[in-house]
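Have a look at the structure below, then the notes.
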Amino acid sequence: MQTVHPGVLGVDGDSAYGRAYLVEFGRMRDGSSHADHALYHDRYRRTPAGWRFIERSYEIRYLDTTALTGAPPEPGLTVPLPAGQG
């Protein structure tokens, strides 16, 4: 699972740069686990067809490869929230 969160964006004419924050975790087919916090560092260029990526780099800032102990919830499982939260 990967979630991407907004970061920063800067525009200078027909060039721009951006940064986005990611959180990922998963159990791989070989049984290994992976959890990380990372950044995308992007550069963009305006073209006649619109903005296009010209470069993307991926920087892992935190990595945990210990076994994930959780599991998907049972189908139909709901968790009640305390009164006033939801």
Side-chain angles (χ1 to χ4, degrees):
M1 181 173 152
Q2 179 189 73
T3 57
V4 181
H5 308 274
V8 298
L9 179 67
V11 178
D12 183 15
D14 289 337
S15 297
Y17 66 89
R19 181 172 60 228
Y21 301 93
L22 295 90
V23 176
E24 302 175 300
F25 71 91
R27 186 173 295 125
M28 309 309 170
R29 290 183 179 174
D30 67 1
S32 65
S33 295
H34 179 101
D36 72 63
H37 294 259
L39 299 167
Y40 280 137
H41 299 278
D42 299 329
R43 290 189 328 143
Y44 319 101
R45 176 140 345 226
R46 188 188 333 244
T47 72
W51 287 96
R52 299 290 184 253
F53 282 94
I54 59 171
E55 181 178 50
R56 169 167 270 186
S57 63
Y58 178 73
E59 176 188 4
I60 295 176
R61 301 296 300 265
Y62 172 83
L63 175 63
D64 183 355
T65 58
T66 58
L68 294 171
T69 58
E74 298 173 21
L77 177 68
T78 60
V79 178
L81 295 174
Q85 294 186 18

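Residue numbers run from 1 in the order of the sequence given. This structure is a prediction, so every number in the text was calculated from the model and none was measured.
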Which residues end up grouped with F53 if you chain together Ile, Leu, Val, Met, Phe, Trp and Tyr wherever their side-chain heavy atoms are less than 4.5 Å apart?
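Cluster partners of F53: L9, V11, Y44, W51.
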Could you work out the complete set of other residues in the hydrophobic cluster of L39, with links drawn between I, L, V, M, F, W and Y side chains under 4.5 Å apart?
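L39 clusters with Y21.
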Can you tell me which residue pairs pass the side-chain hydrogen bond (donor to acceptor under 3.5 Å, both in side chains) test with a partner in residues 2-13, sequence neighbours excluded?
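Found Q2-E24, T3-H5.
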Which residues share a salt bridge (Lys or Arg N to Asp or Glu O under 4.0 Å) with R45, sequence neighbours left out
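So R45 forms no salt bridge (Lys or Arg N to Asp or Glu O under 4.0 Å) with any residue.
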With sequence neighbours left out, what residues match D14 under salt bridge (Lys or Arg N to Asp or Glu O under 4.0 Å)?
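Here the qualifying residues are R46.
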For H37, what residues pass the ring pair (Phe, Tyr, Trp, His ring centres under 6.0 Å) criterion, not counting sequence neighbours?
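Listed in chain order: Y62.
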List the residues meeting ring pair (Phe, Tyr, Trp, His ring centres under 6.0 Å) with Y17, not counting sequence neighbours, and say none if there are none.
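Y17 satisfies ring pair (Phe, Tyr, Trp, His ring centres under 6.0 Å) with no residue once adjacent residues are dropped.
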Could you pull out all residues at least two apart from [X] that satisfy side chain to side chain donor-acceptor pair (under 3.5 Å)?
| X | answer |
| --- | --- |
| S33 | none |
| Y40 | none |
| R27 | none |

Spatial distance of atom CG (L68) from atom NE2 (H34) [nearest 0.5 Å]
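Rounded to the nearest 0.5 Å, the CG-NE2 separation comes to 10.0 Å.
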Please identify each residue that fulfils side chain to side chain contact (heavy atoms under 4.5 Å, CB included) with R29, with sequence neighbours left out.
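Scan of R29 (side chain to side chain contact (heavy atoms under 4.5 Å, CB included), adjacent residues dropped) gives none.
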Quick test of your reading: applying salt bridge (charged side-chain N to carboxylate O under 4.0 Å, His left out), list the pairs with at least one residue in residues 56-83, sequence neighbours left out, ordered by first then second residue.
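Pairs touching residues 56-83 that pass the test: D42-R56, E59-R61.
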When clusters are formed by joining ILVMFWY residues with side-chain heavy atoms under 4.5 Å apart, either directly or through shared neighbours, do L63 and Y58 land in the same one?
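Cluster IDs for L63 and Y58 match.
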